[in-house]
Novice: 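Next up is a structure, given as structure tokens.
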Amino acid sequence: MSRRRKVYVVWKGRRPGVYDSWDEARAQVEGFADARYKAYPSRAAAEAAFRRGLSAGQPPAWALVPHGPRTPALAVDAAAPGPQGPAAYRGVALYPDGRTQEVFRVGPLPGLTANAGEFLALVHALRWLTQQGLDWPVYTDSRIARGWLTQGRARTRHRPQRGPGAQALRQAEAWLARHGIPRAVLPWDTRAWGEIPADFGHK
RNA sequence: ACAU
DNA sequence: TTATGT
Ligand SMILES: [Mg+2]
Ligand SMILES: [Mg+2]
């Protein structure tokens with residue numbers, strides 16, 4: 001029989017966490033609607049499971065929803081800790097089975113707003129796909145950056161005049177002028193599909 | 001209002 | 001609650 005004492009993980013309950021006894025765990029769980037919890041054979045296993053979270057092992061929502069994103073694809077996103085930056089951006093490959101892999105990450109670039117970062121991310125994605133010879137679409141959750149891309153120019157009110165941010169914007173616009181938009185650039189439907197996989201999680 |  | 005944008 002199981003004479004070893006179990007350890008309990010509570011993901012959803014009054015106070016989520018890892019508990020050494022069922023008495024403690026049940027207090028977090030009993031009478032709590034939609035509570036999620038499970039027993040593990042050791043403290044280490046329980047803490048690992050708690051860190052992995054409830055969604056561990058399950059494909060992300062975008063891979064399961066009926067009208068999800070086309071795959072394979074490249075998703076991009078930018079993040080800036082402050083209103084005037086500095087912005088960083090990255091690109092994440094999306095595969096049909098729900099796996100993801102970061103393929104580039106740039107910044108933080110001083111003086112660039114989040115919108116400017118979203119724009120640079122799109123141009124970087126187009127360059128990367130072209131260079132790799134891949135015919136994937138690009139997804140962004142930024143309507144602003146998509147609009148700027150169509151116009152071939154980042155219409156930001158905060159354009160740094162010198163430094164790496166200024167250079168990056170000039171280079172991106174120059175590349176766009178030469179090459180146009182050689183891949184489909186599609187809107188990511190955050191409401192239906194969840195946060196874009198390239199998101200930094202800083203919110 | 002919408003998106004970030 | 002602040003800012004970046006259409
Ligand atoms: Mg974004
Ligand atoms: Mg984001």
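Chain letters run A, B, ... following the sequence lines, proteins first, then strands; residues in each count from 1.
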Novice: Can you tell me if the side-chain N/O atoms of A:T190 get under 4.0 Å from OP1 or OP2 in B:rU4?
Specialist: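 True: A:T190 side-chain N/O within range (under 4.0 Å) of B:rU4 OP1/OP2.
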Novice: When you measure from the side chain of A:H158, which nucleotide among C:dT6, B:rA3, C:dT4 comes out closest?
Specialist: C:dT4
Novice: Closer than 4.0 Å, any side-chain N/O of A:T156 to the OP1 or OP2 of C:dT4?
Specialist: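 A:T156 to C:dT4 OP1/OP2: no side-chain N or O under 4.0 Å.
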Novice: CH2 of A:W188 versus P of B:rU4: gap in Å, rounded?
Specialist: 12 Å
Novice: Rounded to whole angstrom units, what separation is found between the CG atom of A:N115 and the C1' atom of C:dA3?
Specialist: 10 Å
Novice: How many Å lie between CZ on A:F200 and P on B:rU4, as a whole number?
Specialist: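 In whole Å, B:rU4 P and A:F200 CZ are 15 Å from each other.
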Novice: Can you tell me how far C1' of B:rA3 sits from OH of A:Y139, to the nearest Å?
Specialist: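 A:Y139 atom OH is separated from B:rA3 atom C1' by 17 Å.
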Novice: If you round to the nearest 0.5 Å, how far is OH of A:Y89 from CZ of A:F119?
Specialist: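 Nearest 0.5 Å value for the CZ-OH distance: 10.5 Å.
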Novice: Do other residues, nucleotides or ligands put more than 12 heavy atoms under 6.0 Å from the CZ atom of A:R14?
Specialist: yes
Novice: Could you tell me how far apart A:D77 (CG) and B:rU4 (C1') are, to the nearest whole angstrom?
Specialist: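 Taking CG of A:D77 and C1' of B:rU4, I get 8 Å after rounding.
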Novice: Do A:W11 and A:F50 come within less than 4.5 Å of each other through their side chains, counting heavy atoms only?
Specialist: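 In contact.
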Novice: Tell me whether the side-chain N/O atoms of A:W148 come closer than 4.0 Å to OP1 or OP2 in C:dT6.
Specialist: yes
Novice: Counting only heavy atoms not in A:Y37 (residues, nucleotides, ligands), do more than 12 fall under 6.0 Å from its OH?
Specialist: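 Result for OH/A:Y37: open.
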Novice: Does A:Q84 place a side-chain N or O at less than 4.0 Å from the phosphate oxygens OP1/OP2 of C:dA3?
Specialist: no
Novice: Mind pulling the stems DNA chain C is in, i.e. runs of at least three Watson-Crick or G-U pairs, everything under 3.5 Å?
Specialist: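 Consecutive-pair runs (3 or more) involving DNA chain C: B:1-4 with C:3-6.
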Novice: So which nucleotide from B:rC2, B:rU4, C:dG5 ends up closest to the side chain of A:R157?
Specialist: C:dG5
Novice: Expressed in angstrom and rounded to an integer, what is the separation of A:I196 atom CD1 from B:rA3 atom P?
Specialist: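 It works out to 14 Å between those atoms.
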Novice: To the nearest 0.5 Å, what is the distance between CH2 on A:W188 and CG on A:D199?
Specialist: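 It is 11.0 Å, given to the nearest 0.5 Å.
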Novice: Is there any ring-ring contact (aromatic ring centres under 6.0 Å, His included) pair reaching into residues 142-179 of chain A, and which pairs are they, with sequence neighbours excluded?
Specialist: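 Listed once each, the pairs are A:W175-A:H179.
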Novice: Inspect the surroundings of CZ in A:R43 and state if more than 12 heavy atoms from other residues, nucleotides or ligands are less than 6.0 Å away.
Specialist: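 Above 12, so yes.
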Novice: Does OP1 or OP2 of C:dA3 have a side-chain N or O of A:T113 closer than 4.0 Å?
Specialist: no
Novice: Please state how far atom CZ in A:R155 lies from atom P in B:rA3, giving the value in whole angstrom units.
Specialist: 21 Å
